[in-house]
Number of protein chains: 2
Amino acid sequence: MKYSKQREAVLNAVLWSNGHPNAETVYENVRKEIPHISLGTVYRNLNLLVEKGMIKKIYMPSQSDRFDKELEHHDHIYCEGCHQLFDISTSNLNEINQIVEKETGFQILSHDIVFQGLCKNCRQERKIEGENYGIKRI
Amino acid sequence: MKYSKQREAVLNAVLWSNGHPNAETVYENVRKEIPHISLGTVYRNLNLLVEKGMIKKIYMPSQSDRFDKELEHHDHIYCEGCHQLFDISTSNLNEINQIVEKETGFQILSHDIVFQGLCKNCRQERKIEGENYGIKRI
DNA sequence: CTCTAAAGTAGTAATAATTACTATTATTAC
DNA sequence: GTAATAATAGTAATTATTACTACTTTAGAG
């Protein structure tokens with residue numbers, strides 16, 4: 001693997017992002033620095049970086065794949081209120097592969113988990129909305 | 001919702017399948033009975049049946065969506081040896097939403113979990129292969 | 001039974017996400 | 001510097017899925 005400034009920029013776009021960008025978002029951000037980069041290059045490098053273990057890919061139900069700078073094992077939860085994707089890491093999820101392995105006899109190599117729900121904020125907002133019959137307080 | 005023989009056939013294709021067919025597989029099977037059915041009709045009805053709670057959709061990482069006749073909650077594991085998708089239902093997975101809810105403060109509405117690994121058979125095969133340095137016994 | 005409104009279909013086009021192809025360019029080891 | 005090779009830009013192709021539209025089917029009222 002040779003150096004390329006495009007790949008460096010793609011990696012940095014993932015490392016510097018605060019969220020979990022998809023290829024399109026990475027493309028938009030890298031274009032600020034390298035305006036003539038092509039979307040294909042972004043895809044190729046994202047996948048290459050995943051292959052080399054430098055970033056991770058998140059498979060989203062009904063959405064385009066996202067990319068993650070965090071390499072330590074964790075899972076994700078998508079808030080249907082604010083449409084943000086959050087990291088979660090609970091003891092149970094960390095042990096889940098071993099548990100399933102024992103209970104099923106399969107050898108577990110990996111897993112993809114995405115929860116859907118409402119984050120604390122959105123949960124609270126809905127509660128208030130409910131109490132006020134949909135009329136929001138100013 | 002009015003009756004249609006196309007929808008009935010689509011539902012039956014899912015109910016009678018032993019695995020977890022995707023839209024294309026359902027299409028192929030329904031065409032044996034209704035040769036002029038269109039793929040769009042298959043997709044529309046599959047999604048409609050999911051919406052009405054009569055079947056479920058499985059979101060597969062890097063693969064097309066699949067459909068499931070089983071309505072009781074369970075999760076799935078994909079064997080990378082034989083490329084089959086199996087149902088799993090362990091106590092831990094059944095409680096996972098409540099556990100995550102408690103530990104994170106989110107309100108969990110649903111989740112999508114797919115494990116990747118090797119089923120018992122494929123695990124055994126690989127072991128034998130390994131022991132024999134890749135030379136298979138006859 | 002026949003008529004009509006609404007729902008559904010076939011066939012096709014469009015879209016979204018992603019991968020593949022190819023001529024040109026950049027990197028790197030000598 | 002030069003040659004081998006990896007990488008890129010730009011474009012085309014692919015896959016999975018949804019949207020559109022003219023025609024057909026269903027089902028309820030008269």
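By convention in this document, chain letters (A, B, ...) are assigned in the order of the sequence lines, proteins followed by strands, and residues within each chain are numbered from 1. The analysis underlying the following values was restricted to heavy atoms, covering all of them including side chains, and did not include hydrogens, waters or symmetry mates.
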Taking D:dT8, C:dT18, C:dT9 as options, the one with an atom nearest any side-chain atom of A:Asp65 is C:dT18

Closest of D:dA7, D:dT8, C:dG8 to the A:Asn45 side chain is D:dT8

For D:dA9, does OP1 or OP2 lie under 4.0 Å from any side-chain N or O of A:Gln6?
yes

OG1 of A:Thr90 to CD of B:Glu103, rounded to nearest 0.5 Å, is 4.5 Å

Checklist line | Donor-acceptor side-chain pairing of A:Arg7 and A:Asn45 below 3.5 angstrom | finding: yes

From CZ of A:Arg66 across to C1' of C:dT18 the rounded distance in Å is 17 Å

Of C:dT18, D:dA16, C:dA26, the nucleotide closest to the side chain of A:Lys2 is C:dA26

Between B:Tyr3 and B:Leu39, whichever has its closest DNA chain D nucleotide further toward 5' is B:Leu39

Between CD of A:Gln63 and C1' of C:dA16 the distance, given in whole Å, is 13 Å

Within the structure shown, what part of the strands sits under 4.0 Å from A:Arg7 by heavy-atom distance: base, sugar-phosphate, or nothing? sugar-phosphate

With the side chain defined as heavy atoms from C-beta on, A:Tyr43 is closest, among C:dA17, D:dA9, C:dA10, to C:dA17

Regarding the side chain of A:Ser38, the nearest nucleotide among C:dT19, D:dG10, D:dT8 is D:dG10

Do the side-chain N or O atoms of A:Ser4 get closer than 4.0 angstrom to the phosphate oxygens (OP1, OP2) of D:dT8?
yes

With A:Leu93 as partner, the option from B:Ile96, B:Asn92, B:Ile113 fulfilling side chain to side chain contact (heavy atoms under 4.5 Å, CB included) is B:Ile96

Against the side chain of B:Thr41, the closest entry in C:dA10, C:dA17, D:dT18 is C:dA10

Rounded to whole Å, CE of B:Met60 lies from P of D:dA16 at a distance of 13 Å

Between CE of A:Met1 and P of D:dT5 the distance, given in whole Å, is 19 Å

Rounded to whole Å, the CD1-P distance (A:Ile37 to D:dA7) equals 14 Å

Rounded to whole Å, CG of A:Leu48 lies from C1' of D:dA6 at a distance of 11 Å

* Give B:Asn47 one of three labels, base, sugar-phosphate or nothing, depending on what nucleic acid heavy atoms sit under 4.0 Å from its own. => sugar-phosphate

Testing the 3.5 Å rule here: is there a donor-acceptor pair between the side chains of A:Thr25 and A:Asn22? yes

* Ring centroid separation for B:His76 and A:His111, is it under 6.0 angstrom? -> no

When rounded to whole Å, the CD to C1' distance for the pair B:Glu51 and C:dG8 reads 15 Å

Paired to D:dC20 by Watson-Crick or G-U wobble criteria (both distances under 3.5 Å) is C:dG11

Rounded to whole Å, NE2 of B:His36 lies from C1' of D:dT24 at a distance of 10 Å

